[in-house]
Protein chains: 2
Amino acid sequence: MKDSIDDHVALWARELPEMDLRVEGIAARLQKLTRYLDRRRDAVLAAHGLQYWEFKTLHMLRRNGAPYQATPGELATRLGLSPATMTNRLDALERRGYVDRGHDRDDRRKVVATLTPAGLKIWQQGIGDISQVEENLIHQLSHTDQDHLLVLLRRLVLATEGDH
Amino acid sequence: MKDSIDDHVALWARELPEMDLRVEGIAARLQKLTRYLDRRRDAVLAAHGLQYWEFKTLHMLRRNGAPYQATPGELATRLGLSPATMTNRLDALERRGYVDRGHDRDDRRKVVATLTPAGLKIWQQGIGDISQVEENLIHQLSHTDQDHLLVLLRRLVLATEGDH
DNA sequence: GGAGAGTATTTCGACGTCGAAAAGTTTGAC
DNA sequence: GTCAAACTTTTCGACGTCGAAATACTCTCC
């Protein structure tokens, strides 16, 4: 059974004869599946009136256990964003009531962002829906195929992280 | 051998007991590998002074065989962008000399964008470097493992293309 | 042919992002 | 005790993107 990537690769193979069909087929499918998950995830979050960047920010606060606090700088570093962007995100989340901002008592340079009960609640709804989206896709494979796929992907991830 | 996703999943498993570890491990690795390829690709393109959105636009023009032409509307649809964005992209690419714009003689509403020789040349350099990045990653697996991985990924892609 | 509907592109205002500079706070050396 | 260097966050200007309105052109039908 052929998928759209088979067609795509066959088309480019005519133009770029030195292209490695296996490599291209795998890389294109990795990207296609990720884009699919991105789209489905954005759709279920939109049902809660949430953008993905809002969810990711709440997620990083939730990742720190109770009381779900972090400084803007910490959040920016972990999310791979500039400090400027984090200021904007926290402005928006504070306006929507999902986050509180206050100054650190010991070091008044620092700001401490805290997840509000409303923020925690919408995060819970979002994380549940996102898990469901991922399950709907991956459950297309049997458990043994899932394990097989996971092992192959782990080998690739290890290669990107520096072999040990 | 454990990778960073194993740690990530183990961490969240404590907080979300109903989470499916296999599903999460696969989904997280798909996304991590795609992000890795994105970063490496952006880096090699930057060596040619090219942003990925510029390359993608040239790529879509190159995809149409010689004389490498398309209308803004066609490009916007295939790239999943708004017409407004395509106007901006073509403005920039025309300024850099990678694209020419002219009016269609038969239908003067239409604009025809054409890849210049300079645009074709930089696309060739970019596509070669991107293929190299993908090969460097995927060649971590043997040919038989690559084939196994490809088959599993194709099954997932087919699942995303079957139901709508 | 002329009016109105339809199509293709551009313009406009808003958003989220970034790098760099600015503002406010702490630390350390003297 | 003072002040310069370091640290944290915010502000500012620019970019790429989008939706919606505006512009320019074509087609249809009477």
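Letters go in sequence order (proteins before strands), and every chain restarts at 1.
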Any residue meeting side chain to side chain contact (heavy atoms under 4.5 Å, CB included) with [X], in chain and number order, not counting sequence neighbours:
X      : answer
A:E54  : A:L50, A:Q51, A:L93, A:R96
A:T77  : none
A:T144 : A:S142
A:A70  : A:L61, A:N64, A:E74, A:L75

Using residues 119-128 of chain A as the side-chain source, report each donor-acceptor pair under 3.5 Å to any protein atom, sequence neighbours left out, with the distance given to one decimal.
from   : atom 1 : to    : atom 2 : distance (Å)
A:W123 : NE1    : A:H59 : ND1    : 2.9
A:Q125 : OE1    : A:H48 : ND1    : 3.4

**Prompt:** Would a distance-only check, ignoring hydrogens and angles, find a side-chain to backbone donor-acceptor pair under 3.5 Å from B:T34 to B:Q31?
**Reply:** no
**Message:** Can you tell me if A:H139 has over 12 outside heavy atoms packed within less than 6.0 Å of its NE2?
**Reply:** yes
**Message:** Can you confirm whether A:K110 is buried at NZ, in the sense that more than 12 heavy atoms of other residues, nucleotides or ligands lie under 6.0 Å from that atom?
**Reply:** no
**Request:** Just jot down the salt bridge (Lys or Arg N to Asp or Glu O under 4.0 Å) partners of B:R29, sequence neighbours excluded, or say none.
**Result:** B:D3, B:D6
**Item:** For B:D38, salt bridge (Lys or Arg N to Asp or Glu O under 4.0 Å) partners two or more places apart
**Value:** B:R41
**Item:** Protein-nucleotide distance (B:M86, atom CE; D:dT17, atom P), rounded to Å
**Value:** 8 Å
Enumerate the protein-to-nucleotides 22-27 of chain C contacts in which both atoms are nitrogen or oxygen and the separation is below 3.5 Å.
from   : atom 1 : to     : atom 2 : distance (Å)
C:dT26 : OP1    : A:R108 : N      : 3.1

**Asked** What residues in residues 64-82 of chain B put a non-hydrogen atom under 4.0 Å from any atom of DNA chain C?
**Response** B:T71, B:P72, B:G73
**Complete:** Sorted by number, residues from residues 35-62 of chain B placing a heavy atom under 4.0 Å from DNA chain C are none
**Fill in**
Here the residues of residues 87-104 of chain B within 4.0 Å heavy-atom distance, strictly under, of DNA chain D are B:N88, B:R89
Per-pair distances, 0.1 Å, donor-acceptor, side chain in residues 11-26 of chain A, under 3.5 Å, sequence neighbours excluded:
from  : atom 1 : to     : atom 2 : distance (Å)
A:E15 : OE1    : B:R62  : NH1    : 3.1
A:E15 : OE1    : B:R62  : NH2    : 2.9
A:D20 : OD1    : A:R22  : N      : 3.0
A:D20 : OD1    : A:V23  : N      : 3.1
A:R22 : NH1    : B:D147 : OD1    : 3.4
A:R22 : NH1    : B:D147 : OD2    : 3.2
A:R22 : NH2    : B:H143 : ND1    : 2.9

**Asked** Quick one: is A:T85 getting a side-chain N or O under 4.0 Å of the C:dC18 phosphate, OP1 or OP2?
**Response** yes
**Asked** Is it true that the side chains of B:Q69 and B:T114 contain a donor and an acceptor less than 3.5 Å apart?
**Response** yes
**Fill in**
Assign each of A:K110 and A:A84 the nucleotide of DNA chain D bearing its closest heavy atom; nearer the 5' end lies the nucleotide of A:K110
**Request:** For the pair A:R40 and A:Q132, evaluate side chain to side chain contact (heavy atoms under 4.5 Å, CB included) and give the outcome as yes or no after the intermediate values.
**Result:** CA-CA 10 Å; A:R40 297 283 303 119; A:Q132 192 62 53; over 6 Å; no
